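Worksheet: the structure to be examined is printed underneath.
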Amino acid sequence: MLGGIMEYDVDLSNVSCGCISALYTVLMPAVDNYTDPFKYCDANMVGGHWCPEFDIMEANRHAFHVTAHKCDEPNPNGVYSNCDRGGQCTLDVLKNTDRLDYGAGRDFKIDTTMPFHVKTEFHEDGGQFAGYTTILTQGSNEVVMTTGSCAYLNYMTTDI
C-alpha cells in the first residue's frame, strides 16, 4: 500500500449511533494459528491473535475515523506478542476538521444521508510509511484530513 491509493464509494445513510461500518487491512493468516488459517487477527487480539492492522474506515453517519496500528517486532517464527491497540497515527473527522464538515443533513459539507467518495493516499518516504491523507468528496464538496508525518512510528515497511 505504500505510495498507493485506495478509493471507494460509501453509503452510510442507514448506519447511525451505536453502529459502525468498517474497512480494515490485516496480515492473514495469523501465523501462530495452525488449526485454522482463516482465523481473524488484528491489533486488539479480537480473534485470539495479534497482527498489524490499518483501519481504513470506521464510520457511521456521525463520525469517520482512520488509524494505523503497529505491532512490536514478531519473534523468529513471525508471531506478534503485542500491538498498538489504540493507534497513534490517527485521523478523526470530528477532531481534524470543522464540525460542519461531516454529518447527517444538508447543513454539512459531507451530507452522510447520501453516498460519498473516500480516497486514502499512503505516503512513503524511502520505503517507510510516512503518513496518510484521507479525502472525503461529495459533489463539489471536499474534506481533507492528513496525518503529517507518522514515519517515527514505523508502522509499515515495503516488506509487509
Side-chain angles (χ1 to χ4, degrees), residues 1-30 33 36-71 80 83-125 129-151 153 155-158 160:
M1 294 174 17
L2 286 177
I5 296 171
M6 178 179 260
E7 296 186 66
Y8 55 95
D9 294 321
V10 65
D11 182 346
L12 299 172
S13 60
N14 291 314
V15 185
S16 194
C17 289
C19 293
I20 64 167
S21 181
L23 177 60
Y24 303 116
T25 63
V26 295
L27 289 176
M28 291 290 286
N33 184 0
D36 183 357
F38 301 104
K39 185 76 173 184
Y40 183 70
C41 70
D42 70 359
N44 283 289
M45 201 178 174
V46 172
H49 304 274
W50 297 105
C51 69
E53 173 185 356
F54 196 101
D55 304 338
I56 294 175
M57 178 182 81
E58 292 179 306
N60 62 29
R61 290 189 319 217
H62 310 287
F64 195 103
H65 186 84
V66 185
T67 195
H69 298 272
K70 70 175 184 171
C71 295
Y80 294 93
C83 295
D84 169 7
R85 297 179 75 156
Q88 295 179 34
C89 189
T90 299
L91 295 176
D92 189 321
V93 74
L94 299 177
K95 294 179 184 174
N96 297 97
T97 67
D98 184 284
R99 297 295 265 176
L100 290 177
D101 279 347
Y102 184 94
R106 293 184 182 179
D107 292 337
F108 295 93
K109 191 180 277 187
I110 302 298
D111 176 2
T112 59
T113 65
M114 300 185 307
F116 59 96
H117 186 76
V118 181
K119 177 179 178 179
T120 300
E121 302 169 348
F122 302 91
H123 308 300
E124 177 183 6
D125 183 12
F129 178 64
Y132 55 97
T133 300
T134 296
I135 304 164
L136 310 177
T137 308
Q138 190 176 58
S140 62
N141 292 336
E142 183 176 84
V143 173
V144 178
M145 300 179 289
T146 191
T147 61
S149 177
C150 295
L153 295 171
Y155 276 96
M156 46 179 116
T157 67
T158 54
I160 294 178

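Remember, predicted model here, so these are calculated numbers, not experimental data. Worth knowing before you read on, the calculation uses all heavy atoms, side chains too, and leaves out hydrogens, waters and symmetry mates.
Atom CG of Asp42 is separated from atom CH2 of Trp50 by 8.5 Å, given to the nearest 0.5 angstrom. One distance of note links OG1 of Thr25 with CG of Asp55; it measures 8.0 Å at 0.5 Å rounding. Once rounded to the nearest 0.5 Å, the distance linking CD of Gln138 with NZ of Lys109 reads 11.5 Å. With values rounded to the nearest 0.5 angstrom, Ile20 atom CD1 is found 8.5 Å from Asn60 atom CG. With rounding to the nearest 0.5 angstrom, the CE atom of Met145 is 9.5 Å from the OG1 atom of Thr133. Atom-to-atom distance recorded for Asp9:CG and Lys119:NZ is 13.0 Å, nearest 0.5 angstrom.
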Quiz item: Does the pair Thr134 and Thr120 meet the rule for a side chain to side chain donor-acceptor pair (under 3.5 Å), with working shown?
Solution: CA-CA 4 Å; Thr134 296; Thr120 300; 3.2 Å; yes

Practice problem: Begin with the C-alpha distance, continue with both residues' side-chain angles, and end with the deciding distance and a verdict on side chain to side chain contact (heavy atoms under 4.5 Å, CB included) for Lys70 and Tyr80. | Solution: CA-CA 10 Å; Lys70 70 175 184 171; Tyr80 294 93; over 6 Å; no

Self-check item: From CA spacing to verdict: side chain to side chain contact (heavy atoms under 4.5 Å, CB included), Ser16, His62
Solution: CA-CA 7 Å; Ser16 194; His62 310 287; 3.5 Å; yes

Practice problem: Report the C-alpha distance between Thr146 and His123 in whole Å, list the side-chain angles of each, state the deciding distance to 0.1 Å, and finish with yes or no for side chain to side chain contact (heavy atoms under 4.5 Å, CB included). | Solution: CA-CA 10 Å; Thr146 191; His123 308 300; 4.3 Å; yes

Quiz prompt | Trace of the side chain to side chain contact (heavy atoms under 4.5 Å, CB included) decision for Ser21 with Met57 | solution = CA-CA 7 Å; Ser21 181; Met57 178 182 81; 3.6 Å; yes

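Residues Ile110 and Phe64 form no side-chain contact, since every pair of their non-hydrogen atoms from C-beta on lies 4.5 Å or further apart. Between Leu94 and Arg99 there is a side-chain heavy-atom pair separated by less than 4.5 Å. At a threshold of 4.5 Å between non-hydrogen side-chain atoms, the residues Ile135 and Val144 count as touching. Contact check for Tyr102 versus Leu136: side-chain heavy atoms found under the 4.5 Å cut-off.
Checked by atom type and distance alone, the side chain of His69 pairs as donor or acceptor with a backbone atom of Arg85 at under 3.5 Å. The closest donor-acceptor contact from the side chain of Thr112 to the backbone of Gly103 lies under 3.5 Å.
Between Phe54 and Tyr132, the ring-plane angle classifies as perpendicular under the 30° and 60° cut-offs.
Across His65 and Asp92, no two heavy atoms sit closer than the pair ND1-OD2, 3.4 Å. Summarising the geometry of Leu12 relative to Arg61, their closest heavy-atom pair is O-CG, 2.8 Å, with the distance given to 0.1 Å. Residue Asp111 comes nearest to Gly105 through the heavy atom pair OD1-N, 2.8 Å, listed as atom of the first residue, atom of the second, then distance. Pairing each heavy atom of Ala43 with each of Asp84, the nearest pair is CB-O, 4.1 Å.
Cysteine sulfur proximity is not satisfied for Cys51 and Cys83, their SG distance being 2.5 angstrom or more.
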